[in-house]
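As the structure is a prediction and not an experimental result, all values here were calculated from the model.
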Amino acid sequence: MYFCLNKAIKIMEIKEKIEGLRKELHQHNYNYYVLNNPTISDQEFDRKLRELQDLEEKYPQYADPNSPTRRVGSDINKNFTQVPHKYPMLSLSNTYSEGEISDFYDRVKKFLNEDFEICCEMKYDGSSISLTYIDGKLVKAVTRGDGVVGDDVTDNVKTIRTIPLVLQGAGYPEEFEIRGEILMPWKVFEELNREREANEEPLFANPRNAASGTLKLQDSTVVAKRGLDAFFYSLLGDNLPAEGHYENLQAAASWGFKVPDTIRKCQTLDEVIGFINFWDVERKNLPVATDGVVLKVNSLIQQRNLGYTAKSPRWAIAYKYQPEKALTRLNEVTYQVGRIGTVTPVANLDPVQLSGTVVKRASLHNADIIEKLDLHIGDMVYVEKGGEIIPKITGVDTKARFMIGEKVKFISRCPECGTPLVRYEGEAAHYCPNETACPPQIKGKIEHFISRRAMNIEGLGPETIDMFYRLDLIRNAADLYELKAEQISGLERMGEKSADNILKGVEQSKKIPYERVVYALGIRFVGETIAKKLARAFSGIQELAEATSEQLVNVDEIGERIAQSVKFYFSSPKNRELIERLKAAGVQMERTAEEMEEASDLLQGKSIVISGLFKHYSRDEYKLMIEKHGGKNVGSISSKTSFILAGENMGPAKLEKAEKLGIQILNEEEFLKLISPE
């Protein structure tokens, strides 16, 4: 009896010792990596960490996935799983001038018709991440992905020491998401590239690519050694501590998150412009890469009222700083052919350092740009990065001209298949019309088809598609569904596992919804948003193929150009054959019964204007309801408007015009009753 009691006391002491060490080490991690104010030596920290590791190995029953010992990572190699975002991770609209910032400010002011504050933040150039915490513990870390679905990189994120595994303080919600940017500091980036250069490995182009690539490594022990950092800029969830974005970030900082101290709340447009101008200079002294400033309406209530467009919030905007310029020599102009036949001229340059990267090539866009620049081989040209991402030539130093070569003239035939190029009326680009026999177009269409936002076929990539094409295994997307394991497993850099992964990816793609299949077909001018609208308007591929130009134009956001492109696509016998083969393979070519049940034609043929502030749903949610029930969202009132869905503070000009035209006005309750008849 005495022995058992003694043993129980000892076990309790061990458990308390383990928990005490964890709490202490979490605090030391925070002091060192977030506050930059260590209170013990590195040796003392390592001693305590080794003590904890030894205890955890000896007493595995007290294991904790958020223990400080998990910072070192694991060498288990595994594939990432995809996780849907509870809240979509949308991108921001970009602007490049003070005038556009003023326009944004005025739009917000006019829409809200009340006082508001703008929260100004630096725009960090890294890899977006969303973390979920439950009961103060990190449970999930997901990349941005396509904004709807991302990769679960929890194990890798746990190795980043500036990210708290267990929160400190109090007042945090039971469950919430926090979003931020995974970054590689300049100092770490430069050291990493020095090591790679010494090992004759390819160099990373910039810190953003290095951070993103590191985050997706399968071996988290390597991630742990890379020295990634993380800054946080958004809190999401129910029961947040405050109704202000800035105030929530300050609360997050008190829980242990690294929230930048550069964030400021501004009351006026002049204060916003002052913040932008100050950091245009000072950002060069920051330890991480930045490329602009993000402006957000501070009030969460006002954010909800402002709502969203299809791609971005109306309550936020990103200001991008003017890109750096560099002067270098033009050596040659080559030409690339895209998946829809667009021929793009590319300038090949003497290597030059620009915005943290080495630039060797730059886009010349089209024949008109070449002619306008009056380019000659050997010219000294000015290069900059559009949005600090894509290099482009913006000018020529004509004073430096001597011993220059011939004038650059745009080619007349496709560089890949020799077909004479065409230029359509009203367009700047030249095209190769040989879409069924021009290799880059064929491969480009297949690469688009398998891409993540389309059919998302894992195991395939541009190099694999190129190899399959060269070996005559595929000539279009439908051929993917006829591939056999024995055709793949014996190929270079392939094996049974690679073959199995590819075939599994192809099989899984048969579950991809119809609207993404429409996008995957690669119809010219039909992006993701347009594909969704077409899929909602025409419930199956046959119905879409048989749609008249008039029916297509009646779909929201579909104009003559898109309608003609859709008609042209389905007029091709080869495209119709492709669709029949995809359908026979089991690809989703119509909306599911469940999707059809949710939809109705209650608003069929009605053009509806939304105006004002709403309390039950956001403007965007109401837009989706209108589309789901067959209606069409329109932006302005006309004699063709069926009715107006009006919230509070409807603009007086709209109200006056509606009354003048005799347009019916419905409030929220009347509209909801209309689409939910008993």
Side-chain angles (χ1 to χ4, degrees), residues 22-37 39 66 68 85-90 92 115-124 126 128-142 144 154 157-158 160-183 229-267 271-272 275 288 293-306 313 315-316:
R22 284 174 181 158
K23 185 176 181 180
E24 186 180 355
L25 289 168
H26 279 311
Q27 183 63 46
H28 288 311
N29 261 322
Y30 174 69
N31 293 343
Y32 186 94
Y33 290 101
V34 179
L35 299 182
N36 198 26
N37 184 30
T39 55
N66 289 313
H85 290 294
K86 185 176 180 181
Y87 309 97
M89 292 186 76
L90 300 176
L92 296 178
D115 292 339
F116 61 96
E117 297 174 313
I118 294 289
C119 188
C120 300
E121 310 166 14
M122 297 306 299
K123 187 175 184 298
Y124 295 97
S128 297
I129 197 75
S130 182
L131 310 181
T132 299
Y133 285 78
I134 298 178
D135 296 327
K137 295 182 178 179
L138 174 63
V139 296
K140 193 178 294 178
V142 183
R144 183 183 184 279
T154 307
V157 162
K158 284 182 176 180
I160 302 172
R161 297 180 185 272
T162 48
I163 293 178
L165 303 180
V166 178
L167 302 184
Q168 59 183 30
Y172 43 79
E174 181 180 335
E175 179 178 349
F176 68 92
E177 280 187 40
I178 189 165
R179 289 181 176 168
E181 207 80 1
I182 304 295
L183 302 157
D229 203 345
F231 284 172
F232 293 92
Y233 53 70
S234 179
L235 206 61
L236 298 163
D238 300 324
N239 303 314
L240 297 181
E243 276 296 338
H245 166 72
Y246 176 87
E247 289 73 18
N248 281 328
L249 288 181
Q250 300 314 303
S254 72
W255 305 334
F257 292 104
K258 193 170 184 178
V259 175
D261 58 7
T262 56
I263 299 174
R264 293 288 181 272
K265 262 197 311 184
C266 295
Q267 315 293 328
E271 289 181 12
V272 171
F275 181 93
V288 293
V293 168
V294 175
L295 310 178
K296 300 174 184 174
V297 172
N298 191 53
S299 165
L300 302 189
I301 294 173
Q302 290 176 336
Q303 287 184 9
R304 286 192 290 271
N305 283 332
L306 285 161
W315 44 265

(message) If I compare all heavy atoms of A316 with all of L92, which pair ends up nearest, and what's the gap?
(response) CB-CD2, 3.7 Å

(message) Among residues at least two apart in sequence or on other chains, which ones pass ring pair (Phe, Tyr, Trp, His ring centres under 6.0 Å) with Y246?
(response) none

(message) Counting neighbours of NZ on K265 that are heavy atoms of other residues, nucleotides or ligands and sit closer than 6.0 Å, is the number greater than 12?
(response) yes

(request) Search all heavy atoms of R144 against all heavy atoms of M89 and return the closest pair with its distance. (result) NH2-O, 3.1 Å

(request) Over 60° means perpendicular and under 30° means parallel, so classify the ring planes of Y124 and F231, tilted if in between. (result) perpendicular

(message) Strictly by side-chain hydrogen bond (donor to acceptor under 3.5 Å, both in side chains), give each pair with a member in residues 169-178 just once, sequence neighbours left out.
(response) S130-E177, E177-R179

(request) For residues L90 and P313, report the shortest heavy-atom separation together with the two atoms involved. (result) CB-CD, 4.4 Å

(message) Less than 6.0 angstrom separating the ring centers of W315 and F116, yes or no?
(response) no

(message) Donor-acceptor check, side chain of T162 to backbone of A230, threshold 3.5 angstrom: yes or no?
(response) yes

(message) Under the side chain to side chain contact (heavy atoms under 4.5 Å, CB included) test against F275, which residue among I118, V293, L295, I263 passes?
(response) V293

(message) On a heavy-atom basis, which atom in N298 and which in Q303 lie closest, and how many Å separate them?
(response) O-NE2, 4.1 Å

(message) What I'd like to find out is whether the side chain of T132 reaches to under 4.5 Å of the side chain of V142, using heavy atoms alone.
(response) no

(message) I need the minimum non-hydrogen distance between D238 and Y87, along with the two atoms involved.
(response) N-OH, 4.4 Å

(request) Would you please name every residue forming a salt bridge (charged side-chain N to carboxylate O under 4.0 Å, His left out) with K23, sequence neighbours left out? (result) none

(message) What verdict does the side chain to side chain contact (heavy atoms under 4.5 Å, CB included) test give for L300 and N248, after you've listed the backbone C-alpha separation in whole Å, the side-chain angles of each residue and the deciding distance to 0.1 Å?
(response) CA-CA 10 Å; L300 302 189; N248 281 328; 3.6 Å; yes

(request) Only counting residues at least two apart or in another chain, list the ones meeting salt bridge (charged side-chain N to carboxylate O under 4.0 Å, His left out) with E181. (result) none

(request) Specify the closest pair of heavy atoms between C119 and E121, including all atoms of both residues, with the distance to one decimal. (result) SG-OE2, 3.8 Å

(request) Just jot down the salt bridge (charged side-chain N to carboxylate O under 4.0 Å, His left out) partners of E271, sequence neighbours excluded, or say none. (result) none

(request) Using the test salt bridge (charged side-chain N to carboxylate O under 4.0 Å, His left out), find all partners of R304 that sit at least two apart in sequence or belong to another chain. (result) E243

(message) Please evaluate residues W255 and F232 with respect to the criterion ring-ring contact (aromatic ring centres under 6.0 Å, His included), reporting the C-alpha separation (whole Å), side-chain torsions for both, the decisive distance (0.1 Å), and the verdict.
(response) CA-CA 12 Å; W255 305 334; F232 293 92; over 10 Å; no

(request) Could you verify whether a donor N or O on one side chain and an acceptor N or O on the other, from D115 and Q267, lie under 3.5 Å apart? (result) no

